[in-house]
Amino acid sequence: MKKRGLIVLGGFCLTAVAWAGTHVKTETVEEQEKSEVKVFCSKASEKDAVASCQKWLEAQTKTLGPRLLTSYCSEGEMQSNNSGCLYRATGELKYVLKKFRTETERNH
């Protein structure tokens with residue numbers, strides 16, 4: 001058991017020594033602004049449509065984090081042309097996608 005512990009400890013030490021002279025450099029190569037629009041329908045009320053929209057925006061905010069630029073939900077509107085969607089709310093968000101380049105440099 002002691003021998004196995006020494007081997008594991010030795011492995012950690014060698015890894016630390018190997019990475020001691022290493023520097024990782026990351027730079028942004030490309031940024032793209034994206035937008036997404038989603039329509040939420042309700043047969044019951046405009047409040048239900050808006051609540052669904054806000055729930056979606058909350059989930060997107062958690063997923064996108066600092067990449068999220070703007071988010072918006074319209075007020076529920078009554079629709080007369082579509083019986084499947086009496087009340088409608090529109091959600092819109094804008095976010096940025098970034099591409100990175102990472103380089104590992106060794107200091108000898």
Side-chain angles (χ1 to χ4, degrees):
M1 188 69 172
K2 286 184 181 181
K3 192 174 189 179
R4 182 178 287 168
L6 286 174
I7 291 172
V8 171
L9 183 60
F12 285 132
C13 290
L14 287 174
T15 302
V17 168
W19 282 98
T22 303
H23 176 72
V24 177
K25 185 173 99 175
T26 303
E27 66 179 300
T28 304
V29 177
E30 182 183 347
E31 290 186 11
Q32 288 183 341
E33 191 173 298
K34 301 280 187 172
S35 63
E36 189 172 337
V37 176
K38 191 168 182 179
V39 177
F40 298 88
C41 293
S42 172
K43 290 182 181 179
S45 72
E46 52 192 51
K47 287 182 182 179
D48 288 346
V50 172
S52 296
C53 180
Q54 289 175 342
K55 185 176 179 180
W56 174 73
L57 283 182
E58 287 173 12
Q60 298 305 311
T61 300
K62 287 180 183 177
T63 301
L64 293 169
R67 295 177 292 173
L68 181 64
L69 300 175
T70 61
S71 61
Y72 170 78
C73 268
S74 69
E75 294 182 19
E77 304 166 343
M78 187 170 195
Q79 301 294 303
S80 59
N81 59 354
N82 187 348
S83 62
C85 187
L86 289 178
Y87 300 96
R88 182 178 88 172
T90 304
E92 182 179 341
L93 53 90
K94 291 184 181 180
Y95 57 96
V96 65
L97 290 180
K98 296 182 179 183
K99 290 184 181 179
F100 298 98
R101 178 174 51 223
T102 303
E103 294 178 5
T104 304
E105 297 175 349
R106 271 192 176 268
N107 301 330
H108 294 286

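One is the number of the first residue; the rest follow in order along the sequence. Values reported hereafter were calculated over all heavy atoms of this structure, with side chains retained and with hydrogens, waters and symmetry mates removed.
- The distance from the SG atom of Cys53 to the CG atom of Asp48 is 13.0 Å, given to the nearest 0.5 Å.
- Separating the CZ atom in Arg67 from the CD atom in Gln60 is a distance of 10.5 Å, to the nearest 0.5 Å.
- Of all heavy-atom pairs spanning Ser42 and Ala49, the tightest one is CB-N, 3.8 Å.
- Between the CD atom in Glu36 and the OG atom in Ser71 there is a gap of 12.0 Å [rounded to 0.5 Å].
- With sequence neighbours left out, the salt bridge (Lys or Arg N to Asp or Glu O under 4.0 Å) criterion links Lys98 to Glu31.
- Put simply, CG on Leu93 and SG on Cys73 are 9.0 Å apart, with the number rounded to the nearest 0.5 Å.
- Going from atom OG of Ser45 over to atom OH of Tyr87 covers 7.0 Å, rounded to the nearest 0.5 Å.
- Two residues are said to be in side-chain contact when any heavy atoms from C-beta on lie closer than 4.5 Å; Val39 and Arg88 meet this criterion.
- The hydrophobic clustering, which links ILVMFWY residues whose side-chain heavy atoms are closer than 4.5 Å, places Leu69 and Tyr72 apart.
- Under the rule for a side-chain hydrogen bond (donor to acceptor under 3.5 Å, both in side chains), the partners of Gln32 that lie at least two apart in sequence or sit in another chain are Glu30.
- A donor-acceptor pair under 3.5 Å is absent between the side-chain atoms of Thr90 and the main chain of Ser74, judged by distance alone.
- Residues Val50 and Glu75 approach most closely at CG2-C, 4.0 Å, considering heavy atoms.
- For Phe40, the ring pair (Phe, Tyr, Trp, His ring centres under 6.0 Å) test picks out Trp56, with sequence neighbours left out.
- Rounded to the nearest 0.5 angstrom, Glu33 CD and Leu97 CG are separated by 10.0 Å.
- Considering Thr61, Thr63, Leu57 as possible partners of Leu68, the one that fulfils the side chain to side chain contact (heavy atoms under 4.5 Å, CB included) test is Thr61.
- Contact between Ser35 and Lys94 at its shortest, heavy atoms only, is CB-CG, 3.9 Å.
- Heavy-atom minimum distance, Lys43 versus Leu86: O-CD1, 3.5 Å.
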